[in-house]
There are 2 protein chains.
Amino acid sequence: MTGRPTSRDVAREAGVSQSTVSLVLGGKWTGRVSPATAAGVRAAAARLGYRPNRAARNLRLGTTRTVLLMVPSLTSPFFGPVYRGAARVAARHGFGVVVYEWPDLPGPAGSPFAAPHEAIDGILASSMAVEAVGGFPGTPAVMLDSDPDGPVPSVGLGVADGMRAIIAHLAALGHTRFGHVAADVDQWTFHSRADALAAAVGAVPGGALVRAGCAIDVASAKAAAGRLLDGPHPPTALVCDDDQISAGAYKAARARGLDVPRDLSVTGFDDVLLATALEPELTTVRLPAEDLGAAGMAALLELLDGGCPAPRTLPGELIVRSSTAAPPRGTR
Amino acid sequence: MTGRPTSRDVAREAGVSQSTVSLVLGGKWTGRVSPATAAGVRAAAARLGYRPNRAARNLRLGTTRTVLLMVPSLTSPFFGPVYRGAARVAARHGFGVVVYEWPDLPGPAGSPFAAPHEAIDGILASSMAVEAVGGFPGTPAVMLDSDPDGPVPSVGLGVADGMRAIIAHLAALGHTRFGHVAADVDQWTFHSRADALAAAVGAVPGGALVRAGCAIDVASAKAAAGRLLDGPHPPTALVCDDDQISAGAYKAARARGLDVPRDLSVTGFDDVLLATALEPELTTVRLPAEDLGAAGMAALLELLDGGCPAPRTLPGELIVRSSTAAPPRGTR
DNA sequence: CTGTTAGCGCCTTCAT
DNA sequence: ATGAAGGCGCTAACAG
C-alpha cells in the first residue's frame with residue numbers, strides 16, 4: 001500500500017466495514033458498536049497511522065472547519081497575540097485559522113477574494129471597517145475592536161475607558177494642556193479613542209486639547225508631535241494613539257531638548273513590546289490582544305453553531321510606568 | 001437555487017455539460033471547445049458568481065494547494081514580512097499559506113500534528129531546528145534561515161557576513177574589546193552569528209571578546225549586558241544578536257550612566273521597527289525578511305513541481321545609524 | 001450491533 | 001467539438 005491509508009484500509013485491517021470505522025473514529029459509536037470492535041478499529045487506525053482526509057470530509061460535510069482572520073497588518077506586534085488566542089480556541093474545536101492581511105489602504109484595496117482561501121466557514125475581522133467583510137456576503141463574521149453598533153456581532157476593547165483612565169491619571173498629576181498625537185487611520189477604534197479623549201479633557205477644569213494626526217510610524221509621529229510642541233499652546237502631556245506613535249513623540253521631545261517625563265509626559269496605547277523597550281518605559285493602556293482573539297473566536301463558533309453571541313467588551317488596563325510625571329512648574 | 005452554484009449549475013445555465021465547463025474554466029480548452037461555447041460558459045459562470053469548490057477539487061486532485069509556514073513566534077516583527085513574502089508568491093500560483101506558530105521551547109513541544117491543518121502540500125519552516133519538519137515525513141519542505149547543510153533544501157540569510165560587517169565597522173572605529181550579548185536560543189542562525197563573531201574578533205589585532213547569554217526579551221538582555229559591563233574586562237562595544245536585545249543593552253548602559261554611543265557602542269541585528277524607534281537609532285544588519293519568505297516559497301513550489309531548488313543565501317546589509325562611534329579615549 | 005449504499009463537486013478518460 | 005460516466009475518501013441514511 002503506497003500513499004496515505006484511507007478509512008477503507010483501516011476497515012480491511014480491522015476486519016470491519018468503512019462505516020464502522022467512520023462511526024468509531026467520529027466518536028459517535030456509543031451504543032452502536034461493540035467496545036471490542038471499537039478497540040480493534042482504533043488499534044488498526046493507529047497501526048496504519050491513519051489520518052482522515054480533510055478534503056473528503058469537507059466535501060461530504062459541506063464545511064471546511066476553517067476560519068479566516070483578517071488583520072490590517074501582520075507587522076504590528078498587536079496581531080500576533082490576537083492570532084494566537086483565536087487559533088488556540090479554534091484548535092480546541094477542530095477548526096483551523098488562516099490569516100489574511102488586508103491592508104487598510106484608502107480606496108478599493110485588493111478584494112479579499114484574491115485570497116486563495118475562498119473556502120471558509122467564518123470570518124474574524126480585526127480592527128477594520130465593517131465593509132471589509134462585505135466581500136463575503138452570507139458568511140458568518142465577527143468583528144474585533146470595531147463599532148459595536150455595526151451589523152455583525154463584535155467583541156470590543158475598552159478603548160474609551162482606557163483613554164479616560166489616561167486623562168484621569170494625567171489630570172491627577174496636574175496636567176491641563178493636552179496634545180493628542182492621533183493616528184490618521186479611519187478605524188472605529190481610533191475614532192473612539194479621539195472622542196473619549198476629547199470628552200475627558202473637556203471634563204478637566206481648565207483643560208485644553210490640541211491635536212495632530214499622523215500615520216502609524218515613528219517618523220510621521222515625530223513630525224506630528226513636533227508640530228504640537230512648536231505650536232502656540234504647547235501641551236505638557238502628549239497622549240498618543242499607539243505605542244509606536246509614542247516612540248515618535250519621544251524623539252520629537254528629545255530633539256527639542258525636552259526630558260520625558262520631567263518636561264513632558266507621554267502616554268501610549270496597546271502595551272506592546274515597544275513600551276518597555278523605550279526609555280523611559282512607557283505609561284500606556286494594556287489591551288488584552290490574546291483574549292480578544294480568543295473571545296472573538298468563541299463568539300464566531302457560537303455563531304456558526306446557530307447561536308447569537310452576546311456582545312462583549314474586554315477592558316484595557318492603565319499601566320503606569322516612567323513616562324508620566326507632574327508638569328514642570330510654571331506651566332499649570 | 002440556494003447555496004453556492006456548482007459547476008453543474010453553470011453547465012445548465014450555459015446549456016452545455018459539466019465536463020465542458022470544467023475544461024473551459026480549467027483553461028485547457030483550446031482546440032477542444034469552440035470559442036463561442038467557451039465564451040458562453042464564462043458568461044454563465046460570471047452571471048452565477050461561480051467559484052469552484054475547493055474541497056471537491058482537492059479531493060479529486062489529491063492536492064490541497066496549501067503550504068504550512070512554521071514560525072517560532074508570531075509576536076516577533078520579523079515573521080510578519082516573511083509571511084507576506086511567502087503569501088505573495090504562493091498566491092501567484094494559486095496556493096494558500098497557513099501559518100503555524102511552533103514555540104521553540106526546549107523539550108518535546110506540542111507536536112505540529114496538533115495543528116488542524118494536516119492537509120498540506122508542503123512546509124516552509126523558518127528559523128528552527130530541522131527536527132521541526134520531522135513530524136511530517138514525506139512532506140516536501142524548505143527551511144528558512146537554517147543550517148544549509150541539513151537534509152532539506154534551504155534558503156539562508158547571510159548572517160555570518162552580517163556579523164563580519166559589524167566587526168569590521170566597529171574595528172574601523174577603533175574598538176578592540178567586544179561584548180557579545182547572545183540569544184540563548186538553540187537555532188542555527190544564532191550559532192552561526194556567534195561563530196562568525198568569534199572568528200571576526202579573533203582577526204582583529206588585540207581583539208578580545210566576552211560573552212553573556214540571554215533570552216530574547218528586553219529584561220533578560222539588560223541583565224546580560226549588565227554582567228558584561230560590570231565584568232573585569234568591560235567591552236567598549238556590545239554586539240547584540242537581535243534588535244530587541246539591543247534595547248536591553250541600551251538600558252543596561254543608561255542604568256550605569258553610560259552614554260550610547262559616546263561611552264559604549266551598541267549594534268543590533270535584523271533591523272526591525274524597533275531599530276529606528278530607539279534613541280539613538282540603532283546600527284544594525286538589515287535582514288530581507290520579505291525576500292526570504294518569497295524565495296523560500298519559490299523554492300518550495302519548485303520542489304513540489306519535481307524540481308531541485310538550488311540553495312540560496314540572501315545577503316544582509318549593514319545599516320549604520322547613531323549607536324556606534326569611536327571608543328572613549330584611554331580605552332584602546 | 002454492523003454492513004450496504006448513495007452521494008458531496010470536481011476532473012478526466014472514453015465514447016460519441 | 002461535446003457528453004456520459006466513474007471515482008477521489010468520507011459520512012449518514014437505511015437495511016439487515
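Every heavy atom of this structure was used, including side-chain atoms; hydrogens, water molecules and symmetry mates were not. A, B, ... follow the sequence lines: proteins, then strands. Residue 1 opens every chain. Every value quoted in this text rests on a predicted model; they were computed, and no experiment measured them.
- In this structure, CG on A:D186 lies 12.5 Å from CE on A:M128, to the nearest 0.5 angstrom.
- Note on A:R8: every side-chain N or O is 4.0 Å or more away from OP1 and OP2 of D:dC10.
- For DNA chain D, the neighbouring residues in residues 25-47 of chain A, judged by any heavy atom under 4.0 Å, are A:K28.
- Of the listed nucleotides (C:dC10, D:dC10, C:dG3), C:dG3 has the atom at the smallest distance from the side chain of A:S17.
- Across the protein-nucleic acid pair, B:R54 atom CZ and C:dC8 atom C1' stand 17 Å apart, rounded to whole Å.
- For the pair B:R65 CZ and C:dC10 P, the interatomic distance rounds to 16 Å; values are reported in whole Å.
- Not counting sequence neighbours, A:S146 has no partner by the side-chain hydrogen bond (donor to acceptor under 3.5 Å, both in side chains) test.
- Closest heavy-atom contact between A:L74 and B:R84: N-NH2, 4.4 Å.
- Taking atom CG of A:D9 as the reference point, atom C1' of D:dC8 lies 13 Å away to the nearest angstrom.
- With rounding to whole Å, B:N58 atom CG is found 14 Å from D:dC10 atom P.
- Across the protein-nucleic acid pair, A:L59 atom CG and C:dC11 atom P stand 12 Å apart, rounded to whole Å.
- Contact annotation: A:S7 does not reach the phosphate of D:dG9 (side-chain N/O to OP1 or OP2, under 4.0 Å).
- Judged by distance alone with a 3.5 Å cut-off, a donor-acceptor contact links the side chain of B:R60 to the base of C:dC11.
- Atom CZ of B:R312 sits in a sparse spot, with 12 or fewer heavy atoms from other residues, nucleotides or ligands closer than 6.0 Å.
- Considering all non-hydrogen atoms of both residues, A:V33 and A:V24 come closest at CG1-CG2, 4.1 Å.
- Nearest to the side chain of A:T20, among C:dT2, C:dC11, D:dG9, sits C:dT2.
- Heavy atoms of A:S22 sit under 4.0 angstrom from at least one base atom.
- Atoms CG (B:L61) and P (C:dC10) sit 12 Å apart, rounded to a whole Å.
- Of all heavy-atom pairs spanning A:A90 and A:V97, the tightest one is CB-CG2, 3.7 Å.
- To the nearest angstrom, C1' of C:dA15 lies 15 Å from CG of B:L23.
- You'll find a donor-acceptor pair under 3.5 Å spanning the side chain of B:S19 and the base of D:dG3, going by distance alone.
- Regarding B:R4, its CZ atom lies at a distance of 10 Å from the P atom of C:dG9, rounded to whole Å.
- Summarising the local packing, CZ of B:R47 is surrounded by more than 12 heavy atoms from other residues, nucleotides or ligands at distances under 6.0 Å.
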